[in-house]
Structure formats: structure tokens, C-alpha cells
Amino acid sequence: MAMRMRNVANHVKSRMGLLSVTNHGASFSSSTHIGKFLAISPPVRDFKNPDANFSKIATCRFESTKADSGRLGSQYSSIDSNQVLDFPGGKVAFTPEMKFLSESLKERIPCYRVLDDNGQLIEDSNFVGVSSEIARKIYSDMVTLQTMDTIFYEAQRQGRISFYVTAIGEEAINIASAAALTIDDLVVPQYREPGVLLWRGFTLQEFADQCFSNRGDSCKGRQMPAHYGSKKHNYFTVASTIASQLPHAVGAAYSLKMDGKDACAVTYFGDGGSSEGDFHAALNFAAVMEAPVIFICRNNGWAISTPISDQFRSDGVVVRGQAYGVRSIRVDGNDALAMYSAVYAARQMAISEHRPILVEALTYRVGHHTTSDDSTKYRSVDEIERWRLARDPVTRFQKWIENNGWWSSEAESELRSSVRKQLLNAIQVAERVEKPPVANIFSDVYDIPPSNLFEQEKWLREAIKRHPQDYPSVFPL
Amino acid sequence: MLGIIRQKAFAQSLQRIRPATSAWRGYSSAAKEMTVREALNSALDEEMSADPKVFLMGEEVGEYQGAYKISKGLLEKYGPERVLDTPITEAGFTGIGVGAAYYGLKPVVEFMTFNFSMQAIDHIINSAAKSNYMSAGQISVPIVFRGPNGAAAGVGAQHSHCYASWYASCPGLKVLAPYSSEDARGLLKAAIRDPDPVVFLENELLYGESFPVSAEVLDSSFCLPIGKAKIEREGKDVTITAFSKMVGYALKAAEILAKEGISAEVINLRSIRPLDRPTINASVRKTNRLVTVEEGFPQHGVGAEICASVIEDSFGYLDAPVERIAGADVPMPYAANLERMAVPQVEDIARAAKRACYRSVPMAAV
């Protein structure tokens, strides 16, 4: 195994430029990437004690290319280097040619991918290597997430839980991005990223307890299903408001910077979320404040029934980064290895250079928006099935690890049946645990409960005692 | 700036000589005066000095010394990392402040006026007020939102709205409205130290007003309890509740009423949420008559809540219907004469008190 990995690492090392930053002019052409290459094969990660690993990882330096003045010159034919104006904001060359910047680039920003549809490493690819142990954890967590979503979705359909949100099709984004972070990085999610919490150690029983909002729920029965939150896993509680988490992440990142911590904030949002005012404010602010935050956009093509053609007219979300002065990349979100590499590199830059990074992960929302939605009403079943079967990120990564000799069909069937059994058991247990106590209605509104809530709780308990027939006995006190 | 240095030196000398505070109370000759602006500035300064997690952010708070000069001198003293001039995005900087509070810092977010907090109200309500509850106590939000609230002078509809009842209706928030310099100092310090999100409603016209402050108030550890009203003037015939600028008007009305033989008790609410219902009800049980005063719009206002509370708790003690004095139910007009008629004046309060005492007097504008 170790031999195989070293070969892979050497194989990758011989490529040019692991990561480089290009300055795009108004047009993108296949420019020469001049950059310092550094392939990282991180040592085996002990995710229970992530601090142990960090000191051993070599520092990466990702250099930018110099601004290619030739590219600009090709756009404007008559620029004289003496023709420079001095306005607030800095010197700017002027031109007597009236020319509007096109609303779109000649070609779309290309998408970084490393594994092809069959899980084969693409020629001339560069990426951050993973150990076999991490690769297996990435894979099995992707399988667990997919199975959990399937089973919990079914549970909702059976009426056992009231609501659920699946992340089907986005397993690679969830798990691979989580794998590239450390436990100290603050995660500020939207609502389609339970995989990040799963990676960090939230148990299947804890997921089930929250969905059933029972007494064991760490969220004390306060929230709808799938609105997880866990302070000990550095995963902020999910809110239903769209994109409000983006400025929160910037504020948290700023606090990390003020504390001098070796960590960043990471926040997720969808293509729809990028239309919110908070997206604009967060990116703009993060650039101005030089906050170490990674913005990960899950561009899955749909915001409930709104396709991206109705959401924006820009080339996706990645092009907006430059408008705010934020370094950005577009990644194949269904390629776990590419996601891992991009987020790993983004994290290095965010922390060492105190800057925000925008990662646009292209993907497809295979499931419905939530259990309250039937997406066959606004898109074709064929389209959904094509993505579910032919473009599944889980099977793609499975092929890669199998080719490396890190996985087998026995391991596959054992994993799937074990996970399924654990999930069914978790649901059965969660269903039987009693509901949260009445005291949970009144606690945590404030740090210290105010007198009016004390009174209200007293009146409620008296009412329950006096009229027990109005309060079902299954509700504990 | 000099005034602040003088006060700080005074406060420091106080601390050194400390032990017998009762001896100091006897020293009433040390009656210092302080404007509300100085009170707020000194409170911010002292809290930022005491706790490195406290920081200030808002438009113009740094280089410009604050749109109303409340943060004067703070950028120079604490640097740009703790006094942040923000881009113009209330939604942005409020969200960022909430995020910093989630992480554990203690932001003080300034709105140039609370009218502009409308652009950020989602973060105040959905992200700040509800977070401790929704996260089951895992995320506390020790943030303060402050700025001028309510009517000023000649600033029109979008600069004159009072948001006391908007924010006070939301569980999870605390809402404070200081009147005097003592209120401003004590309540702002309490707000900054409080682990819950606090909305701190100041008043632009009060910034320049001077009030006497005792030695106790000037001490850097001075703090007022949140949720306690203050009886500014004791009386026995009618209770008048008010907050912010209207407290001054109510006190003037009480003077007028005293000359006509009506002894009015004036309650400075100080805290809109939690409302000090015990103090209000105890007062009404004593006087049997109530006039509520506010500058904001009448429907669903603070007076409506006080009236409901008194009816629920002290109905049998009321000898007259509750009188509610509020701003006119119209967006604030600009012309000086129209504006004057759209907000309560001292005479309106005095007439209402007389009506409550069954001295027949025609209504203000019929």
C-alpha cells in the first residue's frame, strides 16, 4: 500500500504547477502556468487529535503569476503607458477608445477536475494526495451520508419524521471538503451539509435524535429536522434563512484572525443563496477585512424549482469573486479528490495570507429540494436519473480507491449492510425515546431565565395538573 | 475629549480611596454634570479598556469620531482592529457582528439611526435573538446594537421612526432606552456585559443634554440592573410612564400638574424588554390612574403593552381608563409646525393626566 502511494505521489510531483493563480483579463486563454509546485501527501491524519498532525505538514506556497500585460494590451489597442490617471482608488490607465467590457467572457471559466467519470486519474492533473486511510474514510462517510439520506427520506415518507433535507448527489462536496479541514476550523453551514458534521464525529444516533426531536436531541427539540448544530464539533447550528450565515462566517473568521488562531471559517451556500444581499455584503467585507474564510458554493443547478438561468446571468458564481477582490476557483463538485485538493489549498491560503477564498463546486441536486417538494413537477425524470446513476460521485470515488487497491467488493457489501443496519437501529431507538420535557420550552431564551418565563412555566404546569385530559400523557413534564 | 480625561482621572482617584462609599455620598458638593454623549463615550471607553473582547463597529465610528461623535477618541486609543469603520451595508456589518459574537467576541454595533436597522433586522431577530434558543444554549450572542432611535428635529419620515415596540416584541432580545446620563452610562455598561443580545435605543436630541452625575455613577464599575424602572418623581394621584426623551417631558408636565394640585408619579421605564411590570403595577395600585407616554406610533406600541399588563394585574385598582399618549399615526412630516403636532408635547401629557383625574378638559386635537 505504502509503495503504491509513493508512486502516486512521485507521479504527481512530476507535473507542472500544483496550484497557480492566474490573473484573468477580460478573456481567458490557455495561459502558461508558471508556479511553484509542491505536492503534499499529508501524514496519516488522526482525526481524533488533529493538532498532532498539523505541525508535520509542510507549508505550501502558492505563487501568483505576474499580471500579463500582453493580455490587456490585446483588448485595447491604443494604451500608452504614459496615459495614466490618478483617481481615488489608485492609478488607472486611460484610453480614448470607447469599449464596453462584455457581459460574459468568450469562454466559461474552466472547471478543475482530477478524476474522470470512471474514477481514473486524468493526465497532467495535479492534486493534493491522500493516504489510503483518509481515502477510505472519505469513501465510507460518503456511503454513510448517502444511505442516511435515503433511509431518513423514507422515514419521512412513512410519517415517522415530519421533514427531511437530502444531500443526494452532493456527497463529495460534503465529505471531501470536510476532510480537507481541521476540527478547529469553524463550519457555518446552510442546510445541505450534514456530511461535514458526520465527518467530524456526530453519530448516527445523534442525527436520528435531532430528526425525531426526542429527549436525547442535543438541540433540545427546538428545531426542525436536519437543522443540526454542535458546538463541540465546531459546526454552527443550521438556520433556515438563506445566506445569513455568510456574514456570520466572516465575523467568526475575523475573530479567529484577532485571536491569531491557526484556523479559518468555512461556510457553504447554494446557487440560489448567491442572489441574497448577504452574499454581496459578506464577500465584499471579507476582502476588505482580510478575513480567513472559505466560501464554498454548491452550485447544484436548482433553487427549489428555479433553474440557474433564472437565478443569475453571470457565468455561475466563480466570476463574482474577482469583482470583490476574492481569489476563486471552479471545481467539479462530484470529484472528491478535486474537492479535497481545492479546499485544502484554499485553507492554506486563507490562513497564511489572511484572505477569503471562493470555491464554486459544480454539481447536481439529485434529490428534491426537501421532502416538501416534488421536483419531477419542474424537471424531467430522465435528467434526474441520469445524474443519479451515471454521475454519482460516490461510485466515481469508489472506482478510484478500488483501482488503488484500497477497497474491495467484500468491503463494499460489508460497509453498506453495516451502515444500513446502524441507521435502521438508530431510527428505531430514536422513535421510542420520549419527547423533550416541558422545561425546554422556557430555557435558553436568555442566559438567565427572566421572571415572566418562570411565571409562565408555573402557570403551564398548573394548567397541565388541573386539566390532564387536555395534555396527552405521552408528553413528559 | 478633555472632559472625558477629567472624569477618568476623577474616577481613578475614587478607586484608590475607595472603602467608605457612604462617606462619599455625603460629599454632595461634588455634583458633576455630564452630557449623555460623554456618558456613552466614557462607558464605551471603560468597557473596551476592561475587556479586550469588546469592539465597536459601524459607519463613521472611527476616523469621523462617530456620526454623532459618540465614539470620539476611541479609534486613536484602541486602533483600527477594535474600532472598525464599515462599508455601507447594515445587513453586512450586523451579520458580521453576530458572527463575531457567535465566536466569542463582544461587538457593539452602531446604527447611524435605528431606521437603518431595518436593512439588518433579519440578523438582529433571526440570527441574534433566536440563536441561543435554537442552538439549545450552544451559541450565545453577547452583542449590543445601539444608535439613535425615534424622532429628532426636522428629519422626516425615514429618520424619525421609533423601534422600541418592534424589538421589544421579540423574545431573546433585551431592549433598553436610557434617558439621563446616569441611565446612559449604567445601562450601556450593563448591556455590554450582558451575555444576551441587547438593543440600546438612544435619542439624538438627548446627546447634548447635561445631567448631574454622582460619584457612584462616574466609577468605572457602575452598572444599572436591566429590567428595573426608576421612579424619577414620586406622587400619589396619577402614574405617568415614559422612556427616553419623553421622561423629560413627563417631568415638566408633573411640574405643571403640581401647580394645579395633582401629584404625578413619573416612572422612567429604562428597560422596555423586560418591562418592569412590578414597579408599574405597584405604582398604579398606589395612584389608581395611569397615563402612558411614548413618541412612537400608538398601535401595538409600548403603551398598549403597559395598559394590557396593568389590566391583567391591577384591574380592580384602576379608577379611570388608561390614557395613552403617543405620536400621531402618520409617517413623520417634515415642516416644523407639522412635526410639532405629530409628536407628544408637554401640554398633551398634562391634559391626559387631568382627564385621568376626571378634570374635564377637551382632547388635544379633535
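Proteins get letters first, then strands, A, B, ... in listed order; numbering begins at 1 in each. This structure is a prediction, so every number in the text was calculated from the model and none was measured.
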- Message: Under the rule for side-chain hydrogen bond (donor to acceptor under 3.5 Å, both in side chains), what residues qualify as partners of A:R192, not counting sequence neighbours?
- Response: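 A:R192 satisfies side-chain hydrogen bond (donor to acceptor under 3.5 Å, both in side chains) with A:H369 only.
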- Query: Under the ring pair (Phe, Tyr, Trp, His ring centres under 6.0 Å) test, which residues partner A:F285, sequence neighbours left out?
  - Reply: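 Listed in chain order: nothing, the list is empty.
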- Between B:L84 and chain A, which part of the residue has a heavy atom less than 4.5 Å away: side chain, backbone, both or neither?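 The side chain, not the backbone.
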- Message: Given heavy-atom pairs under 4.5 angstrom as the criterion, report whether the side chain, backbone, both or neither of B:P274 touches chain A.
- Response: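 Interface part for B:P274: neither.
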- Query: What distance separates B:I143 CD1 from B:L173 CG, expressed to the nearest 0.5 Å?
  - Reply: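 One gets 10.5 Å once the value is rounded to the nearest 0.5 Å.
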- CD1/B:I267 to CG/B:L290 distance, rounded to the nearest 0.5 angstrom?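 With rounding to 0.5 Å, CD1 (B:I267) is 8.0 Å from CG (B:L290).
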- Item | A:T203 side-chain N/O to A:G201 backbone N/O, donor-acceptor pair under 3.5 Å |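 No, because the side chain of A:T203 does not come within donor-acceptor range (under 3.5 Å) of the backbone of A:G201.
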- Item | Side-chain heavy atoms of A:L197 within contact of A:F207, under 4.5 Å |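 Contact flag for A:L197/A:F207 side chains = yes.
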Would you enumerate the inter-chain donor-acceptor pairs between chain A and chain B whose distance is below 3.5 Å?
residue : atom : partner : partner atom : Å
A:R222  : NH1  : B:Y133  : O            : 2.8
A:G229  : O    : B:Q138  : NE2          : 3.4
A:K231  : N    : B:Q138  : OE1          : 2.6
A:H248  : NE2  : B:H123  : ND1          : 3.0
A:H248  : NE2  : B:S127  : OG           : 3.1
A:Y254  : OH   : B:E81   : O            : 2.9
A:D259  : OD2  : B:Y103  : OH           : 3.0
A:D278  : OD1  : B:H123  : NE2          : 3.2
A:D278  : OD2  : B:H123  : NE2          : 3.0
A:I441  : O    : B:Y133  : OH           : 2.8
A:D444  : O    : B:N132  : ND2          : 3.1
A:D444  : O    : B:Y133  : N            : 3.2
A:Y446  : OH   : B:G172  : N            : 3.3
A:Y446  : OH   : B:L173  : O            : 2.4
A:Y446  : OH   : B:R273  : NH1          : 3.2
A:D447  : N    : B:D196  : OD1          : 2.8
A:D447  : N    : B:D196  : OD2          : 3.1

- Task: Using non-hydrogen atoms and a 4.5 Å limit, figure out which bit of A:L256 sits close to chain B: side chain, backbone, both or neither.
- Result: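 Its backbone and side chain both get close to chain B.
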- Message: Shorter than 4.5 Å, heavy atoms on both sides: which option in A:V445, A:V188, A:V250 has the most such pairs with chain B?
- Response: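 So the answer, after comparing A:V445, A:V188, A:V250, is A:V445.
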- Task: With a 4.5 Å cut-off on heavy-atom pairs, point out which of B:G172, B:P195, B:P171, B:G92 contacts chain A the most.
- Result: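 That would be B:G172.
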- Message: Before we go on, tell me: are the rings of A:F269 and A:F279 under 6.0 Å apart, centre to centre?
- Response: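 Yes, ring centres under 6.0 Å apart.
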- Message: I'd like to check the side chain to side chain contact (heavy atoms under 4.5 Å, CB included) partners of A:A303; sequence neighbours left out, ordered by chain and number.
- Response: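 Applying side chain to side chain contact (heavy atoms under 4.5 Å, CB included) to A:A303 gives A:D271, A:T306, A:Q311.
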